[in-house]
**Student:** 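Below are the structure tokens for one structure; questions will follow.
Chain A is the first sequence line, chain B the second, and so forth, proteins listed ahead of strands; every chain is numbered from 1.
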Number of protein chains: 2
Amino acid sequence: MLLEYAEDDSNLPEGILLRRRPVARGETLFRTGDPFHSVFAVKSGSFKTLLPSQSGQDQIIGFHFPGETMGTAGVAEGIYPCTARALEVSTICEVRMERLEESGQSAEMLQRAIIEMLGKEVSFNNTLMTSLIRQSAEQRIGAFLLNLSQRLQVRGQTGEEFSLSMSRSDMGSYLGLASETVSRVLTRFQKAELIELDKKRVHLLSPERLADVVDEV
Amino acid sequence: MLLEYAEDDSNLPEGILLRRRPVARGETLFRTGDPFHSVFAVKSGSFKTLLPSQSGQDQIIGFHFPGETMGTAGVAEGIYPCTARALEVSTICEVRMERLEESGQSAEMLQRAIIEMLGKEVSFNNTLMTSLIRQSAEQRIGAFLLNLSQRLQVRGQTGEEFSLSMSRSDMGSYLGLASETVSRVLTRFQKAELIELDKKRVHLLSPERLADVVDEV
DNA sequence: CGTCTTATTGAATTGTCTCAACATGCGTGG
DNA sequence: CCACGCATGTTGAGACAATTCAATAAGACG
């Protein structure tokens with residue numbers, strides 16, 4: 001539902017959906033512990049979500065691309081459980097939850113949508129954890145690239161060539177690897193002609209062989 | 001809500017809440033892909049949830065103790081995303097969702113409860129992932145023991161001494177470690193007089209020093 | 001154009017895994 | 001109830017993948 005709003009926001013009651021000015025690179029949408037008020041959908045650009053750590057090094061817990069939502073889990077506890085920050089100039093669609101309920105929108109439909117999003121998030125996290133926990137650096141990064149490709153394809157992009165808008169150390173934090181390892185594996189993939197790499201730009205030359213790398217027992 | 005039912009099921013409409021005979025050790029409550037029908041709350045004993053893997057080695061994704069729920073994420077997709085299996089003789093409270101909706105129960109309250117459970121699960125998984133991804137074997141196992149202790153305390157237990165009802169390799173799968181490593185670390189903890197270990201029984205001698213191990217930068 | 005951040009590459013270190021042997025516990029059937 | 005057999009747990013030695021530290025290179029941004 002919210003995903004559709006992100007594409008075509010014309011049929012949403014005024015005052016609920018907020019189209020804000022483009023979000024600057026590095027700008028924070030919400031912080032861990034902030035009182036929950038809205039769910040955000042990415043319209044263009046990309047975001048990272050993270051858990052701030054006392055010891056300086058933030059833990060990246062997710063990346064968010066057009067058509068995907070952020071902050072949903074906050075509805076349960078009334079506060080945002082993570083911080084969301086733009087990786088590049090981006091646009092978003094903000095849906096104020098309390099105002100949605102006020103307006104004649106069916107609360108039940110709204111809740112169903114939230115349940116669906118959360119349920120998918122739980123499932124995704126479980127499979128993600130499974131891959132992260134037992135796989136090698138090459139497998140993790142291969143799976144990560146394929147996952148990004150797939151998610152971008154859903155939104156009409158080719159999925160063959162795209163931009164790694166996050167830093168190497170963000171990728172590393174997310175995948176549980178040192179940023180140097182990310183660097184090394186990417187160059188290894190390039191030498192094996194699995195990908196083509198030009199700074200932030202990636203081109204998947206052979207998704208099939210990449211999938212083989214990931215599935216190796 | 002469901003947690004309360006797990007404790008005192010007297011005020012639930014008949015036919016919705018099912019008290020089943022005790023579940024045997026090793027018995028499966030539901031399997032990945034099964035059509036969703038019920039949420040389960042643990043009354044006594046313990047369970048593991050897992051993602052079956054084609055390559056034999058199942059991935060453990062969670063453990064469930066009295067007062068905790070299982071299968072909630074299935075409501076979103078209509079199928080159970082994981083398999084739940086009893087670690088010991090246990091009792092459960094099964095709540096049939098479709099019948100709950102049929103009965104006069106407010107669908108909205110029910111949905112709110114589900115949202116709360118899912119939101120907490122998302123948050124928990126995020127913090128769990130954070131610890132698993134960057135921490136050493138000692139930190140993972142220390143955090144795991146402390147987490148178990150804390151969850152048992154919530155339900156009135158002392159939390160100082162409890163039973164590790166899962167096998168070493170279940171722990172290992174869950175924590176991303178070889179079962180041998182789990183074994184080694186536990187004996188190391190024992191030698192350091194952080195815990196006392198008698199087969200499945202653990203006694204946390206110094207939760208504070210254990211927390212220090214976990215927090216070491 | 002210079003400064004600061006991010007990325008790449010190298011060399012050495014180390015934690016965890018793998019393989020293997022052995023010990024212990026548990027359930028089953030005699 | 002004991003004895004057997006299989007599953008589970010412990011411990012050791014060696015291998016290796018990823019980390020850390022360090023130095024250089026390349027971009028980003030004002």
Side-chain angles (χ1 to χ4, degrees), chain A residues 24-27 48 55-58 60 85-89 131-144 163-191 195-202 213-214 216-217, chain B residues 24-27 48 55-60 85 87-89 131-142 144 163-192 195-202 213-214 216-217:
Chain A
R25 176 190 155 96
E27 195 178 323
K48 62 181 173 185
S55 62
Q57 279 300 25
D58 294 339
I60 307 294
R85 191 163 294 151
L87 290 167
E88 57 192 311
V89 178
S131 23
L132 289 188
I133 263 191
R134 291 219 154 267
Q135 314 221 99
S136 70
E138 298 204 349
Q139 291 176 310
R140 295 183 203 188
I141 293 174
F144 178 71
S163 158
L164 292 173
S165 49
M166 71 295 295
S167 71
R168 299 289 189 264
S169 72
D170 280 347
M171 277 182 65
S173 169
Y174 180 65
L175 297 173
L177 300 168
S179 68
E180 295 95 324
T181 307
V182 175
S183 225
R184 276 187 252 269
V185 170
L186 286 177
T187 39
R188 232 180 289 161
F189 280 174
Q190 190 172 25
K191 281 179 183 157
I195 64 170
E196 228 169 54
L197 193 59
D198 177 36
K199 32 190 172 177
K200 295 235 169 256
R201 208 98 210 136
V202 216
V213 170
V214 174
E216 262 164 21
V217 196
Chain B
R25 175 190 156 98
E27 195 178 324
K48 63 180 172 184
S55 61
Q57 279 300 25
D58 294 339
Q59 171 67 42
I60 306 293
R85 191 163 293 149
L87 291 167
E88 56 192 312
V89 177
S131 24
L132 290 190
I133 263 190
R134 291 219 153 269
Q135 313 222 98
S136 68
E138 298 204 350
Q139 290 176 310
R140 294 183 202 188
I141 292 174
F144 178 71
S163 157
L164 292 173
S165 49
M166 71 293 297
S167 72
R168 298 289 189 263
S169 70
D170 281 348
M171 279 181 63
S173 169
Y174 181 65
L175 297 173
L177 300 168
S179 68
E180 295 95 323
T181 306
V182 174
S183 223
R184 276 187 253 268
V185 170
L186 286 177
T187 40
R188 233 181 288 162
F189 280 173
Q190 190 172 24
K191 280 178 184 158
I195 64 171
E196 227 169 55
L197 193 59
D198 178 36
K199 29 191 174 176
K200 295 237 170 253
R201 208 98 210 137
V202 215
V213 170
V214 174
E216 262 163 22
V217 196

**Student:** Any non-hydrogen side-chain atom of B:M166 less than 4.5 Å from a side-chain atom of B:L164?
**Tutor:**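 Yes - at least one pair of side-chain heavy atoms lies under 4.5 Å apart.
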**Student:** Is any side-chain N or O of A:T181 closer than 4.0 Å to OP1 or OP2 of D:dA18?
**Tutor:**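 Answer no for this pair, as no side-chain N or O of A:T181 is under 4.0 Å from OP1 or OP2.
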**Student:** Could you state the NZ-C1' distance from A:K191 to C:dT8, rounded to the nearest angstrom?
**Tutor:**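 Going from A:K191 (NZ) to C:dT8 (C1'), I get 10 Å.
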**Student:** Identify, between B:K199 and A:G176, the residue whose nearest nucleotide on DNA chain D lies closer to the 5' end.
**Tutor:**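 By nearest-heavy-atom nucleotide position, the 5'-most residue is B:K199.
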**Student:** Out of C:dA11, C:dA20, C:dT8, which nucleotide sits closest to the side chain of A:R184?
**Tutor:**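 The answer is C:dA11, which lies nearest to the side chain.
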**Student:** Please state how far atom CG in B:L164 lies from atom P in D:dT10, giving the value in whole angstrom units.
**Tutor:**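 Value for this atom pair: 10 Å.
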**Student:** Rounded to whole Å, how long is the line connecting atom CE of A:M166 with atom C1' of C:dT5?
**Tutor:**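 So the CE-C1' distance, A:M166 to C:dT5, works out to 18 Å.
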**Student:** The side chain of A:S136 is closest to which nucleotide in this list: D:dT19, D:dG9, D:dA18?
**Tutor:**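 Minimum distance to the A:S136 side chain belongs to D:dA18.
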**Student:** Mind checking the CD1-CZ spacing from A:I133 to A:R140? Nearest 0.5 Å is all I need.
**Tutor:**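 If we round to the nearest 0.5 Å, A:I133:CD1 and A:R140:CZ are 9.0 Å apart.
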**Student:** A:L87 has an atom CG; how far is it from atom P of D:dA28, in whole Å?
**Tutor:**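 Nearest whole value for this atom pair: 15 Å.
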**Student:** In the structure I gave you, are the side-chain heavy atoms of B:F189 and B:E138 within less than 4.5 Å of one another anywhere?
**Tutor:**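 The answer is yes, as the side chains (C-beta and beyond) meet within the 4.5 Å cut-off.
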**Student:** Could you please name the option among C:dT18, D:dT10, D:dA18 that lies closest to any side-chain atom of B:A178?
**Tutor:**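 Nucleotide nearest to B:A178's side chain: C:dT18.
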**Student:** Tell me the interatomic distance from A:M171, atom CE, to C:dA7, atom P, rounded to whole angstroms.
**Tutor:**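 That distance rounds to 10 Å.
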**Student:** Between C:dC17, D:dT10, C:dA7, which nucleotide has the shortest distance from any of its atoms to the side chain of A:S183?
**Tutor:**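 When the side chain of A:S183 is considered, C:dA7 is the closest of C:dC17, D:dT10, C:dA7.
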**Student:** Which nucleotide, D:dT10, D:dT8, C:dT8, lies nearest any side-chain atom of B:S167?
**Tutor:**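 For the B:S167 side chain, the nearest candidate turns out to be D:dT8.
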**Student:** Between A:K200 and B:S169, who's closer to the 5' end of DNA chain D by nearest nucleotide?
**Tutor:**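 The residue whose closest nucleotide sits nearer the 5' end is B:S169.
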**Student:** Taking CD from B:Q139 and C1' from C:dG15, how many angstroms apart are they, rounded to a whole number?
**Tutor:**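 One finds 12 Å between C1' of C:dG15 and CD of B:Q139, rounded.
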**Student:** With respect to the side chain of B:A137, which nucleotide from C:dC17, C:dT16, D:dG9 is positioned closest?
**Tutor:**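 Nucleotide nearest to B:A137's side chain: C:dT16.
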**Student:** For B:I60 and B:S173, which heavy atoms make the closest approach, and how far apart are they?
**Tutor:**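 Smallest interatomic distance, heavy atoms only, reads N-OG, 2.9 Å.
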**Student:** Return the value, rounded to whole Å, for the distance between atom CD of A:E138 and atom P of D:dT19.
**Tutor:**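 Nearest whole value for this atom pair: 13 Å.
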**Student:** Are any non-hydrogen side-chain atoms of A:L87 and A:D170 less than 4.5 angstrom apart?
**Tutor:**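 Yes, side chains in contact.
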**Student:** Output the rounded distance in Å from CG (B:D198) to P (C:dG25).
**Tutor:**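 My rounded result for the distance is 9 Å.
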**Student:** Which is more 5' along DNA chain C, the nucleotide nearest B:S179 or the one nearest B:R25? Just name the residue.
**Tutor:**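 Its nucleotide being nearer the 5' end, the pick is B:S179.
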**Student:** From the set D:dT10, D:dT20, C:dT18, return the single nucleotide nearest to any side-chain atom of A:E180.
**Tutor:**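 Within the option list, the nearest is D:dT20.
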